[in-house]
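Here the structure is a predicted model, which means the values were calculated and not measured.
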Number of protein chains: 2
Amino acid sequence: MIIQLRLTSMLIERSINIMTKTKIKDTRRQQLIQASLESIAELGLQNTTILTISRRAGLSSGIISHYFGGKQGLIEAALRYLMAQLGQDLRQRLQQGEVSPEQRLNAIIEANFTDFQRSDLATRTWLSFWARSMHEPGLQRLQQINNARLYSNIRYAFALKLNAEAATDAARQLAAMIDGFWLRSALSLDPQEGFSAGERLCKQFALTALAEGT
Amino acid sequence: MIIQLRLTSMLIERSINIMTKTKIKDTRRQQLIQASLESIAELGLQNTTILTISRRAGLSSGIISHYFGGKQGLIEAALRYLMAQLGQDLRQRLQQGEVSPEQRLNAIIEANFTDFQRSDLATRTWLSFWARSMHEPGLQRLQQINNARLYSNIRYAFALKLNAEAATDAARQLAAMIDGFWLRSALSLDPQEGFSAGERLCKQFALTALAEGT
DNA sequence: GACGAAGTTGAATGATCATTCAACTTTTGT
DNA sequence: ACAAAAGTTGAATGATCATTCAACTTCGTC
């Protein structure tokens with residue numbers, strides 16, 4: 001009887017502990033990811049240190065190694081977060097009953113030019129990640145997954161109307177154009193204008209390319 | 001008489017000294033720029049130190065501050081060198097008597113996909129510079145000049161056949177597409193294939209855009 | 001309220017790096 | 001051959017930074 005009670009209460013206690021632990025864990029992780037994105041946007045990945053992140057999050061420096069195993073782990077988690085955000089925007093736009101190739105392409109383009117994606121926070125961070133991923137396998141793998149996903153989403157839409165070769169060509173062109181507008185806008189003096197024009201001109205290209213194949 | 005001789009010899013001496021000095025100076029500067037590009041390509045801008053550069057150039061670490069005033073000065077000089085190379089390739093291709101808009105656009109595209117430009121050395125370095133220029137005004141200024149030059153060269157060619165608005169749109173699209181193929185190729189597992197396809201698809205787009213306006 | 005576990009701190013450590021400059025070597029002019 | 005100038009070296013310096021961990025605080029449980 002007593003043993004039974006002890007065991008039960010121990011189980012309850014443990015599960016409560018685990019729940020609390022993971023909740024706090026998730027909160028801290030999110031705080032730190034957010035702070036690191038802000039720091040990267042403001043200071044650049046180059047000048048972002050464990051101290052600029054932890055101070056911004058209102059936490060101590062040691063906590064980063066505790067939750068992410070080190071600075072590198074946090075940086076990769078931040079990139080994963082940006083990619084997840086992009087994927088979420090896209091899924092949301094594709095599941096609103098739109099099915100025509102034009103609508104599908106528009107949704108993809110819009111997802112890549114979301115308010116969030118065009119924020120300083122996102123643009124500067126993406127660019128920093130792009131550069132560093134050339135020399136860090138962990139980041140490079142993530143970038144390649146992301147690039148491949150954009151391309152294959154676009155290609156699928158084009159292939160609904162175009163033959164295989166034309167779809168491949170158009171998809172590569174549009175994917176490059178999207179990334180190119182991103183890059184040029186991020187580097188320009190007036191990023192917002194660049195993004196607006198980029199969204200318009202990408203849609204325009206998509207329409208033209210679809211029309212040509214018919 | 002004696003005084004006259006002294007003055008003359010002093011002038012000769014000085015001019016020889018200056019000639020020798022600038023020759024050695026130019027040689028060393030070029031050595032160091034080359035070494036820094038190689039180091040950036042291999043290790044990334046992040047991991048490039050004054051030691052990795054100077055050891056690769058077979059010189060001592062102190063020499064960099066002596067000729068460039070510091071690491072930062074050398075990095076900017078290296079970017080200037082890449083930009084000059086690009087400008088030279090373009091000028092060479094445009095001054096071969098080609099005048100039609102198609103030929104002009106092809107020349108611009110080819111200059112951006114030169115063997116040199118698609119080398120690891122160039123791609124990785126450009127990408128590193130892109131990222132860092134967001135947070136360093138000196139580099140940012142240079143990048144903006146380069147971006148503006150590519151755009152206005154393209155726009156000029158389109159404007160020979162298209163009206164003002166169509167030329168602006170097409171130029172922005174093509175400029176973005178060129179940069180985008182660059183970026184995606186640099187990050188891909190098989191950069192050479194990406195560059196080849198990029199060159200072909202950019203030319204294809206340029207032709208289509210020119211044809212549409214007529 | 002006291003005990004143990006979970007969560008957090010930040011000073012100490014060791015490593016890396018750009019810059020400086022006094023000493024050294026090479027080149028040049030006579 | 002020699003003195004002065006130009007060119008080069010690399011050890012010393014001071015600064016920055018990621019990581020570690022012993023000590024501290026907070027929280028949940030009885």
For residues B:L150 and B:I108, determine if any side-chain heavy atom of one lies less than 4.5 Å from a side-chain heavy atom of the other. yes
Verdict with reasoning, B:R124 to B:E42, per salt bridge (charged side-chain N to carboxylate O under 4.0 Å, His left out): CA-CA 8 Å; B:R124 289 166 184 258; B:E42 186 181 331; over 6 Å; no
Rounded distance (Å) that lies between atom P of D:dA18 and atom CD1 of A:I53: 8 Å
Just checking B:S61: base, sugar-phosphate only, or nothing, at a heavy-atom cut-off of under 4.0 Å? base
Length of the line joining B:K71:NZ and C:dC17:C1', which is rounded to integer Å: 8 Å
Rounded to whole Å, please give me the gap between CD1 in A:I50 and P in D:dC17. 11 Å
Please check the phosphate of C:dT8 (OP1 and OP2 only) for any side-chain N or O of A:Y67 closer than 4.0 Å. yes
Per nearest nucleotide of DNA chain D, the residue lying toward the 5' end, B:H66 or A:L51, is B:H66
Using atom CG of B:L32 as one end and atom P of D:dG7 as the other, report the distance to the nearest whole Å. 14 Å
For the pair made of CZ in A:F68 and C1' in C:dT8, what is the distance, rounded to whole Å? 15 Å
Aromatic A:F68 / basic A:R29 pairing, under 6.0 angstrom, 45° off normal: yes
Once you round it to whole Å, what is the distance between C1' of D:dT8 and CD1 of B:I63? 5 Å
Under 3.5 Å side-chain donor-acceptor pair for B:T123 and B:R118: no
How is B:L59 classified with respect to the nucleic acid when contacts are heavy atoms under 4.0 Å: base, sugar-phosphate, or nothing? sugar-phosphate
So B:S65, base contact, sugar-phosphate only, or nothing? Heavy-atom distance under 4.0 Å. base
Starting at atom CZ of B:R28, determine the distance to atom P of C:dT26, rounded to an integer number of angstrom. 13 Å
For B:Q31 and D:dT9, what is the distance between atoms CD and P respectively, to the nearest whole Å? 10 Å
